[in-house]
Number of protein chains: 2
Amino acid sequence: MPATHALVEKLSCLFDLAPEESAALHALPSRLVRLAGDEEIHRAGDCPTSCFVVLDGLVCSSKWIEDGKRQIMSFYVAGDLPDIRTLHLGVIDCDVTAVGPCQLAVIEHGDLQALCDAHPRIASALWRCTLVVGSVYREWIVNIGHRSALVRLAHLMCELMTRLEAVGHARDRICNLPLTQIHLSQATGLSAVHVNRSLQELRKRGLITFGGGRLTIPDWDGLTRLAYFRPDYLYLPQARRRAA
Amino acid sequence: MPATHALVEKLSCLFDLAPEESAALHALPSRLVRLAGDEEIHRAGDCPTSCFVVLDGLVCSSKWIEDGKRQIMSFYVAGDLPDIRTLHLGVIDCDVTAVGPCQLAVIEHGDLQALCDAHPRIASALWRCTLVVGSVYREWIVNIGHRSALVRLAHLMCELMTRLEAVGHARDRICNLPLTQIHLSQATGLSAVHVNRSLQELRKRGLITFGGGRLTIPDWDGLTRLAYFRPDYLYLPQARRRAA
DNA sequence: CGACAAATTGAGCCGGATCAAACTGAGTGG
DNA sequence: CCACTCAGTTTGATCCGGCTCAATTTGTCG
C-alpha cells in the first residue's frame with residue numbers, strides 16, 4: 001500500500017484523521033509504479049480509470065499547441081494527485097508526463113470513489129487539494145500574463161522551492177529539480193534562448209544556482225523580492241502535525 | 001429561493017436528480033442580490049462566509065499586480081459559482097468583481113455544507129464544477145503563454161460565446177457582453193492600445209462585431225479556426241435534459 | 001571516440017508596450 | 001439647450017523585451 005503514507009501525510013495536515021479514516025486510508029489498495037524521465041502517463045483525450053499519487057519525483061501537465069510548441073500548465077511534487085480530476089471529469093484534456101524519474105502510487109477510480117463515499121471528510125480534503133491546484137493556475141496566469149522574463153522565472157523557482165520544502169523534499173533552499181531550460185521555457189511561455197539568458201542574469205545577481213537537476217537559492221529574500229513572491233496562493237497547511 | 005432554479009438547471013445537466021435531491025435544492029435558503037457594474041464582491045484576503053450563484057450578468061476574478069496593473073483570471077456567467085472554493089479554502093486570494101449589472105443568489109456556507117453532507121452526489125457535482133473552472137484556467141495559461149494578440153482575443157471571444165450559449169444567454173452568435181477594451185486587456189495580458197488595434201483587425205476581417213456591451217460573431221467558423229478553438233476543455237454537458 | 005541532448009552565444013528583427021494626444025458619447029448640471 | 005466632465009476608444013510615433021535563426025560549446029553516455 002505505497003499510497004497510504006503519502007496520503008495520510010498530506011491529509012493529516014488538513015484535519016485530524018479519525019481512527020476509521022486512518023484505517024480506510026491504510027486499507028486503500030494501490031500499486032507502485034516507477035518511471036524514468038520524460039515518460040508519458042496520460043495523453044490528452046485519454047479516459048483514465050485510475051488516479052495516482054506522486055511519491056517521488058516531478059510530474060507535469062502540458063498541452064501541445066497548434067504550432068508544435070508545448071505549454072506546461074503545472075508541476076506536481078510528492079504528495080500531489082495530478083490526475084484526481086479524472087475521477088469526475090472522465091476524459092483528460094492535457095498530457096501528464098513524468099519530468100524526471102518518478103515513483104507513483106496508482107489507485108483505481110473505484111477504490112478512490114468508495115473511499116470518498118464512505119468518508120466525506122476525506123472527499124472534502126481531496127476536493128480542497130484540487131482547489132489549491134486551481135489557485136496555482138491563477139497565479140500562473142498572473143505570472144505569464146504580466147511579469148517580465150526575469151521575474152517570471154524567479155517566481156517559478158520560488159514556487160517550486162516552497163512546495164518542495166513543504167513536503168520535505170528541499171532543505172536549506174536546496175532541492176533536486178530535474179528540469180531542463182526547455183522545460184522552463186515551456187512552463188513560462190518564453191523561448192529557450194531567453195530562458196538561458198535570464199537564468200544567467202539570475203546567477204550573476206547571486207540569486208540562484210541551477211543546473212544538473214539541482215536548484216539552490218542562496219539569496220531567498222532577494223529572489224522573493226524580485227519575484228514579488230507571496231506564498232499565500234499555495235494555501236500551505238501550517239503543518240498542524242508534521243508527524244503522522 | 002432564487003438560487004434554486006439556477007442550481008437545479010446546472011446540476012440536472014450533470015446527472016438525474018433524485019426527488020429528495022431536487023427537494024433539498026428547492027429548500028436551500030438563498031438571498032437575492034443585485035449589483036451595478038464594477039462592484040466588488042470579495043477582496044483578496046477576505047474570508048467569506050457565504051457563496052453565490054450568478055443568476056444574470058458577468059463576474060470576474062482578478063488580482064492586482066505589484067506594478068499597479070490588474071490581471072483578470074476568469075469570467076463567470078449565469079449558473080457559475082465563482083467563489084464556491086471559499087467553502088473549503090476559507091480566505092480568498094483574489095478579488096471577485098461584478099463586471100456589468102448582476103444578479104446573484106447568495107447562500108450561506110453552512111447551508112451549502114449541510115446540502116453537501118446530506119447529498120453526496122450534489123457535493124460531487126459541485127466538485128466537478130470547480131474542476132471545470134480549473135480546466136478553463138489551464139486553457140488560459142495556454143492562451144496567454146503562447147498565442148498572438150489576435151488569436152488570444154479571438155479565443156476569448158469564442159470561449160465566452162460558447163459558455164453564454166450553453167446557458168441560453170446567447171443565440172445566433174449574439175450576446176450581451178459588458179466588457180470594455182480595458183477589461184479585455186486585463187484578461188489577455190495585452191495593452192489596451194494593442195487590444196484596440198487587434199479588435200479592429202478582427203472587425204476588418206468580418207469575424208466579430210463588438211461594442212456597446214454586445215458581441216456578435218458573424219463568421220463563427222472563421223473565428224474558431226483563427227483561434228484554434230476546441231471547446232473540449234469547457235466540459236460542457238451535452239444538455240442531457242434541457243428542461244428540469 | 002562518436003553521438004546526442006542540453007546549454008550557450010551572437011546578430012537581427014518584430015510584436016506588442018509605452019507615451020501622448022485627440023476623439024467619441026453618455027451623462028450632468030447650470 | 002449647451003458647456004463640462006469623464007470613461008472609453010482611437011490614432012500616431014517610438015522603443016524595447018523577447019523571438020528567431022544559426023552556429024558553437026559542453027556534458028553525458030555508450
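Convention: sequence-line order gives letters A, B, ...; per-chain numbering from 1.
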Taking atom [atom2] of [N] as reference, at what distance in whole Å does atom [atom1] of [X] sit?
X: A/Gln200; N: D/dG18; atom1: CD; atom2: P; answer: 15 Å
X: A/Gln186; N: D/dC19; atom1: CD; atom2: P; answer: 13 Å
X: B/Lys204; N: D/dT11; atom1: NZ; atom2: P; answer: 11 Å
X: A/His194; N: C/dA7; atom1: NE2; atom2: C1'; answer: 16 Å
X: A/Leu190; N: C/dG15; atom1: CG; atom2: P; answer: 18 Å
X: A/Ile182; N: C/dA5; atom1: CD1; atom2: P; answer: 11 Å
X: A/Leu184; N: C/dA6; atom1: CG; atom2: P; answer: 12 Å
X: B/Leu150; N: C/dG15; atom1: CG; atom2: C1'; answer: 12 Å

Quick check on [N]: is either OP1 or OP2 less than 4.0 Å from any side-chain nitrogen or oxygen of [X]?
X: B/Lys69; N: C/dT18; result: yes
X: A/Asn196; N: C/dA7; result: no
X: A/Gln181; N: C/dA5; result: no

Look at all strands and tell whether [X] reaches a base, only sugar-phosphate, or nothing, counting heavy atoms closer than 4.0 Å.
X: B/Arg203; value: sugar-phosphate
X: A/Ser198; value: nothing
X: B/Ser191; value: base
X: A/Gly213; value: nothing
X: B/Gly37; value: nothing
X: A/Leu199; value: nothing

Going by an N to O cut-off under 4.0 Å, is there a salt bridge joining [X] and [Y]?
X: B/Asp219; Y: B/Arg205; result: no
X: A/Arg197; Y: A/Glu201; result: no
X: B/Asp93; Y: A/Arg138; result: yes

Taking atom types as modelled and ignoring hydrogens, do the side chains of A/Arg152 and A/Thr188 form a donor-acceptor contact shorter than 3.5 angstrom?
->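 No, because no side-chain N or O of A/Arg152 sits under 3.5 Å from a partner of the opposite role on A/Thr188.
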Is it the case that A/His194 and A/Ser191 place a side-chain donor and acceptor less than 3.5 Å from each other?
->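 There is no such pair (donor and acceptor under 3.5 Å, judged by atom type) between the side chains of A/His194 and A/Ser191.
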Taking for each residue the nucleotide of DNA chain D bearing the nearest heavy atom, is the 5' side occupied by B/Asp38 or by B/Val193?
->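 Result of the comparison: B/Asp38.
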What nucleotide among C/dA6, D/dT11, C/dG10 has an atom nearest to a side-chain atom of A/Thr180?
->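 Given the options C/dA6, D/dT11, C/dG10, the side chain of A/Thr180 is closest to C/dA6.
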Assess whether one donor atom and one acceptor atom, taken from the side chain of A/Arg197 and the base of D/dG17, lie less than 3.5 Å apart.
->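 Between D/dG17 and A/Arg197, which were checked side chain against base, a qualifying N/O pair under 3.5 Å is absent.
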